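Letters A, B, ... mirror the listed sequences (proteins, then strands); counts begin at 1. All values reported here derive from a predicted model rather than from experimental measurement.
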2 protein chains.
Amino acid sequence: MTIMHLSESTEMYLKAMAELGGQDVIATARLAERLNVTPVSVSEMVRRLGEQGLVSHTPYKGVHLTKKGREVACNVLRRQRLWECFLYDHLKIDWSQVYEFACSLEHATAPEVTEALAGFLGNPQTCPRGNPIPAADGSFKPLDAMPLSEAKLGQTAQVLAVNATATDVLKYLQEKNILPGREVTVIEVAPMQGPLTLHVGGKDVALGLSMAEFVLVKKIKN
Amino acid sequence: MTIMHLSESTEMYLKAMAELGGQDVIATARLAERLNVTPVSVSEMVRRLGEQGLVSHTPYKGVHLTKKGREVACNVLRRQRLWECFLYDHLKIDWSQVYEFACSLEHATAPEVTEALAGFLGNPQTCPRGNPIPAADGSFKPLDAMPLSEAKLGQTAQVLAVNATATDVLKYLQEKNILPGREVTVIEVAPMQGPLTLHVGGKDVALGLSMAEFVLVKKIKN
DNA sequence: AAAAATGTTATGGCTGACCTTATTATTCCA
DNA sequence: TGGAATAATAAGGTCAGCCATAACATTTTT
Ligand SMILES: [Mn+2]
Ligand SMILES: [Mn+2]
Ligand SMILES: [Mn+2]
Ligand SMILES: [Mn+2]
């Protein structure tokens with residue numbers, strides 16, 4: 001329980017795992033993708049994280065967070081999403097840029113600052129992208145939602161959260177009005193892993209499956 | 001003028017020079033002290049900073065900021081002092097801890113965030129330690145003040161700013177009420193580089209010369 | 001002017017976090 | 001069941017920013 005200082009890189013690996021995986025085992029290749037590093041680099045880092053008891057790795061299967069690792073990851077998520085709230089609600093930073101700015105600040109934020117910030121913000125429950133903010137004690141109930149990529153033709157659903165992180169992806173979703181609270185209807189599902197066509201805000205929008213994986217929705221009807 | 005990303009270490013060296021030196025040449029040993037690294041490490045870093053055109057070094061004399069280096073340093077100071085304002089005024093962080101928390105955040109703050117923060121705060125002119133906040137365009141008028149260490153016996157002066165950075169030093173000054181706005185009177189000057197004895201807030205306080213160098217005052221009478 | 005103090009350079013090391021290019025092991029699928 | 005795809009290891013590098021120790025240069029003090 002000693003407060004060791006974890007590097008930015010360490011925090012990012014753990015956070016990525018929490019964002020991608022929830023409870024499950026994560027393929028190292030997914031990590032490499034999201035963190036923009038090579039699979040070899042992930043292997044090396046996973047070894048180091050394993051030695052610190054933050055992750056556990058089953059070769060050829062994947063990695064998952066240990067209890068300790070999940071605690072750290074939730075704490076990073078808390079810092080990140082609180083900063084998102086501040087940047088969006090108080091500094092009026094553009095929605096699509098909020099993640100990336102918060103992603104820098106999260107690693108430079110002491111516990112006292114985190115908790116004071118939470119108080120200042122009125123202990124918000126979700127960030128501007130719709131994701132829940134873990135509590136100070138680490139407790140965290142993930143959204144009861146499904147990825148839009150799994151929606152069937154004709155389905156209407158409400159967007160609960162956007163789990164994307166890349167600014168250009170967020171900008172695209174923002175332009176197309178695929179935002180928390182919005183209702184979307186799947187009007188076409190192209191074959192061969194092709195894009196979904198959605199009806200949202202009076203317009204038709206094409207959305208690739210991999211982007212749709214990061215849009216979390218709740219079924220409304222059909 | 002390309003926006004290159006400077007490392008935290010680079011920013012800290014430049015900021016330390018601006019805090020210590022103003023315009024003048026700074027002894028590398030002073031930098032080593034303030035940054036808690038060895039003189040050899042400073043030499044190496046000064047070489048790298050020189051290659052980037054951020055400082056200019058005259059061997060055995062000292063180092064000073066170039067125009068470019070001063071611009072960067074002022075920008076770091078701006079970020080740092082804006083965060084100090086936010087942490088102190090809005091998050092109610094303890095005065096003595098505000099510097100160290102801001103000192104982490106400063107390196108993780110994008111220009112858009114800096115300017116939005118300045119707006120949110122109402123473009124403050126000074127930080128809670130009394131130091132002026134450089135403007136967005138880099139312009140910066142240093143305080144017209146003298147270090148308390150140079151005050152004469154019997155002198156009464158008003159504290160304008162505290163330029164110390166170490167949290168324990170700030171805590172000591174806070175406890176002894178040596179804070180911006182306060183009036184202090186020098187009631188004893190011990191020989192042999194000994195401490196000053198001050199009268200402040202109805203109490204007598206001993207203050208070592210090296211700490212007194214970081215207390216900036218304006219003479220009031222005598 | 002000599003000695004002491006201070007500052008610089010030269011070497012050699014270390015760590016974390018990346019990279020590339022092979023090679024080897026495992027899993028998946030046709 | 002055998003080949004393709006995927007994952008892991010091995011080996012050798014890079015880079016920033018630190019460290020120590022020792023040699024050397026300069027400045028300051030006595
Ligand atoms: Mn981050
Ligand atoms: Mn800093
Ligand atoms: Mn070397
Ligand atoms: Mn190696």
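- Using modelled atom types, one side-chain atom of A:Thr114 and one backbone atom of A:Ala110 make a donor-acceptor pair closer than 3.5 Å.
- The distance between atom CG of B:Leu35 and atom C1' of D:dC19, rounded to the nearest whole Å, is 16 Å.
- Classification of the B:His90-B:Phe86 ring pair by plane angle, with boundaries at 30° and 60°, yields parallel.
- B:Ser149 contributes no side-chain N or O that, together with a main-chain N or O of B:Leu209, makes up a donor-acceptor pair within less than 3.5 Å.
- For A:Arg79 (side chain) and A:His107 (main-chain N/O), no donor-acceptor pair under 3.5 Å exists by modelled atom type.
- Checking D:dT9, C:dT8, D:dC18 against the side-chain heavy atoms of A:Val40 singles out D:dT9 as nearest.
- Counting to the nearest Å, the C1' atom of D:dC18 and the CG atom of B:Leu31 are 16 Å from each other.
- Considering all non-hydrogen atoms of both residues, A:Thr167 and A:Ser96 come closest at CG2-O, 3.3 Å.
- Residue pairs meeting the salt bridge (Lys or Arg N to Asp or Glu O under 4.0 Å) criterion with at least one partner in residues 94-112 of chain A, sequence neighbours excluded, are A:Lys15-A:Glu106.
- A:Met17 has its side chain out of reach of A:Arg70: every pair of non-hydrogen atoms, C-beta onward, lies at least 4.5 Å apart.
- Distances shown here put every side-chain N or O of A:Ser41 at or beyond 4.0 Å from the OP1 or OP2 atom of C:dA17.
- Comparing the axis of the opening five pairs of the helix from C:dA1-D:dT30 to C:dA30-D:dT1 with that of the closing five pairs yields an angle of 10°, rounded to 10°.
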Expected rows: protein N/O vs nucleotides 14-17 of chain D N/O, under 3.5 Å:
unit_1: D:dG17; atom_1: OP1; unit_2: B:Ser7; atom_2: OG; d: 2.3

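- Rounded to whole Å, atom C1' of C:dG16 lies 17 Å from atom CE of A:Met12.
- Note on residues 129-145 of chain A: pairs passing salt bridge (Lys or Arg N to Asp or Glu O under 4.0 Å), not counting sequence neighbours, are A:Glu84-A:Arg129.
- Applying the salt bridge (Lys or Arg N to Asp or Glu O under 4.0 Å) definition to pairs two or more places apart or across chains, those involving residues 49-62 of chain A are A:Arg47-A:Glu51.
- Within the 3.5 Å criterion, the main-chain N or O of A:Pro128 finds a donor-acceptor partner in the side chain of A:Trp95.
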Do any N or O atoms of the protein come closer than 3.5 Å to N or O atoms of nucleotides 26-30 of chain C, and which pairs are they?
none

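- Here the side chain of B:Arg34 pairs no donor or acceptor atom with the backbone of B:Ala16 at under 3.5 angstrom.
- The distance from atom NE2 of A:His57 to atom C1' of D:dT9 is 11 Å, rounded to the nearest whole Å.
- With rounding to whole Å, A:Leu49 atom CG is found 14 Å from D:dA8 atom P.
- Within 4.0 Å (heavy atoms only), B:Thr28 reaches sugar-phosphate atoms of the nucleic acid but no base atom.
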